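Okay, structure first, notes after.
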There are 2 protein chains.
Amino acid sequence: MTPPTVKLSTLKTACKNCKLHQLCLPLGLENNDMDQLDNIIKRAKPYQKGEYLFQHGDNFDALYAVRSGSVKTFSQDDNGDEQITGFYLAGEMMGLDAVHEGFHPCSALALETTSVCKIPFTHLEELSAKLPSLQHQLLRIMSKEITEDQALLILLGQKSAEERVAAYLVNMADRMEKRGFSSVEFNLSMSRKDIGNYLGLTIETISRTFSHLQQDGLINSQRKHIEILNTEKLRAIAGLPKISCGLKSTG
Amino acid sequence: MTPPTVKLSTLKTACKNCKLHQLCLPLGLENNDMDQLDNIIKRAKPYQKGEYLFQHGDNFDALYAVRSGSVKTFSQDDNGDEQITGFYLAGEMMGLDAVHEGFHPCSALALETTSVCKIPFTHLEELSAKLPSLQHQLLRIMSKEITEDQALLILLGQKSAEERVAAYLVNMADRMEKRGFSSVEFNLSMSRKDIGNYLGLTIETISRTFSHLQQDGLINSQRKHIEILNTEKLRAIAGLPKISCGLKSTG
DNA sequence: CGTCCCCTTGATGAGGGTCAATGGGCGTGG
DNA sequence: CCACGCCCATTGACCCTCATCAAGGGGACG
């Protein structure tokens, strides 16, 4: 049998076939609701490392969900000071901050070859009005973004360099695990400089802290490649409960 | 514990009569749509200074909009480290971060006598599905919260103590002006300690910075009472252009 | 094989945290 | 009405963490 000619339409990755749909916008949707969502989503060719998905000031017309690869978003103030506001992995949504003013207040740059789903926002709003669980999930995702920004605020406002770096590594490990990768051995797609900027530290401090954690036998870091040797101690430094500890106060 | 509701007749403030509706959730709604929103909103008796609107871990069932007074929200990590994530003035909405997990990840405390509108969330979702402009405004408000958190991230990640304090004062001044108060003379409802925590600084640094700005003739501060003597220089220190264009929030 | 960029490591110093003492408002109670 | 005590704010002295400046190593890629 000769293989049929390849049609892009058939290769399209539908939400219901996408391994990410438990992490992404379609969470909680019925199958045929997912089809409706599929119909408005655009899947374009991948971005190469260093390409912008959108830039600060661009008109806002769509949300972006990472399908594979990774992206950093960063905002700039009027002095040109740059602050990375997030690193986005598969299943995570970008552009939520642009709804308010109708243009993107931050820029998004691919950290490696990255493919995305582009979700035109007016269509999404229309569809959300028809599908309660889609509306709910959209609100949940926005809420999650707020929660995560606030977690970062605690890091930047209250924590030492070592605590920030530990929290960062634990966070990355957890997210890797959610995506089916190893939580104790992975590659960081972002540079030390990016990590430093994200955590409010300099590149030198990041480097020294990595070295220090390595000397203490908590991690093994070879440039981008990270091995976590002692998850429990790392979580402790990060100020997070040990996984099995039920002693935290619930107010 | 929430204060009991009192007779509507005494407190009846419909959205369409509320001076805040250009800053708040009803923005963009037709008059009779506003009536529908009114029907689901609960207006309870005011909270006294030091009372909690909700606490970390509480079940999430409603959003809160400040009608008068002011509120601080703060989250706690497992070490008990506290980070104030926002100060909320009239027309501003709290609880958006709770949608994600279904409980409040932060606590909200009245900084002075404060009255609020309580908006049951499931009702709001139902109504949003029927009123496109309500849905849109809800999404915009969530988006605004994200944008503001990210502005704070830049402050905490990149700015010196003096820049942070200046930016804080400019921000408060702008918000006062939007609410019809003077932008050059106002009272801060929060303590130095709260400001310090919010900005990632100690109370001593806040106090010293205020004194320094006063010596330079930029402000006049008598405890809670603030006079801004040189808006332009203050904006310059804050890293903002002369007239606000980065952080302007039109609701 | 050379160049560039990223990362690492060391030396030094400053910004802001920490500790300590004092003063001023304000509420409470005599 | 005044006195007391508490809390908040201010100010000073000292110190520590992390930024800054500087130099050098090691991959990646042409």
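Predicted model only: the values in this text are computed from it and were never measured. Residue numbers begin at 1 in each chain, while the letters A, B, ... track the order of the sequences.
A:Gln158 has its CD atom 14 Å from the P atom of D:dC18, to the nearest Å. Distance B:His212 NE2 to C:dG16 P: 12 Å, rounded to the nearest Å. Straight-line distance from the CD atom of B:Glu204 to the P atom of C:dG15: 18 Å, rounded to whole Å. Between the CD atom of B:Gln222 and the C1' atom of C:dG24 there is a distance of 11 Å, given to the nearest Å. When rounded to the nearest whole Å, the span between CZ of B:Arg208 and C1' of C:dA21 equals 13 Å. In this structure, B:Asn187 places its CG atom 16 Å from C1' of D:dC8, rounding to the nearest Å. Distance CD (A:Glu162) to P (D:dT17): 11 Å, rounded to an integer number of Å. If you measure from atom CG of B:Leu188 to atom C1' of D:dA9, you get 13 Å, rounded to the nearest angstrom.
Considering only the side chain of A:Thr205, D:dA19 comes nearest among D:dA19, D:dT10, C:dC7. Considering only side-chain atoms of B:Arg223, the nucleotide from C:dT8, C:dG24, C:dC7 that sits closest is C:dG24.
A salt bridge links A:Asp174 to A:Arg235: one of the charged nitrogens lies within less than 4.0 Å of a carboxylate oxygen. Salt-bridge check for B:Asp216 with B:Lys233: failed, with every basic side-chain N at 4.0 Å or more from each acidic carboxylate O.
Taking side-chain N and O atoms only, A:Thr202 has no distance below 4.0 Å to OP1 or OP2 of D:dT20. Between D:dC8 and B:Ser191, no contact under 4.0 Å exists linking OP1 or OP2 to a side-chain N or O. Contact check, A:Arg192 against C:dT8: a side-chain N or O comes under 4.0 Å of OP1 or OP2. Listed pair A:Ser207 / C:dC7 fails the phosphate criterion, with no side-chain N or O lying under 4.0 Å from OP1 or OP2. Residue B:Ser211 places none of its side-chain N or O atoms closer than 4.0 Å to OP1 or OP2 of D:dT10. Put simply, A:Lys224 has no side-chain N or O that comes within less than 4.0 Å of OP1 or OP2 on C:dC6.
If you check every strand for non-hydrogen atoms under 4.0 Å, A:Leu201 touches sugar and phosphate atoms only. Across all strands shown, A:Gly196 has no heavy atoms under 4.0 Å from either base or sugar-phosphate atoms.
Remark: A:Lys224 NZ is packed, more than 12 non-hydrogen atoms of other residues, nucleotides or ligands lying under 6.0 Å away.
A parallel orientation is assigned to the rings of A:Phe54 and A:His104, their planes being inclined by less than 30° (bins at 30° and 60°).
Nearest-nucleotide assignment on DNA chain D puts the 5′-proximal partner with B:Met190, out of A:Ser160 and B:Met190.
Of the inter-residue distances, the one linking B:Phe210 atom CZ with B:Thr205 atom OG1 reads 12.0 Å to the nearest 0.5 angstrom.
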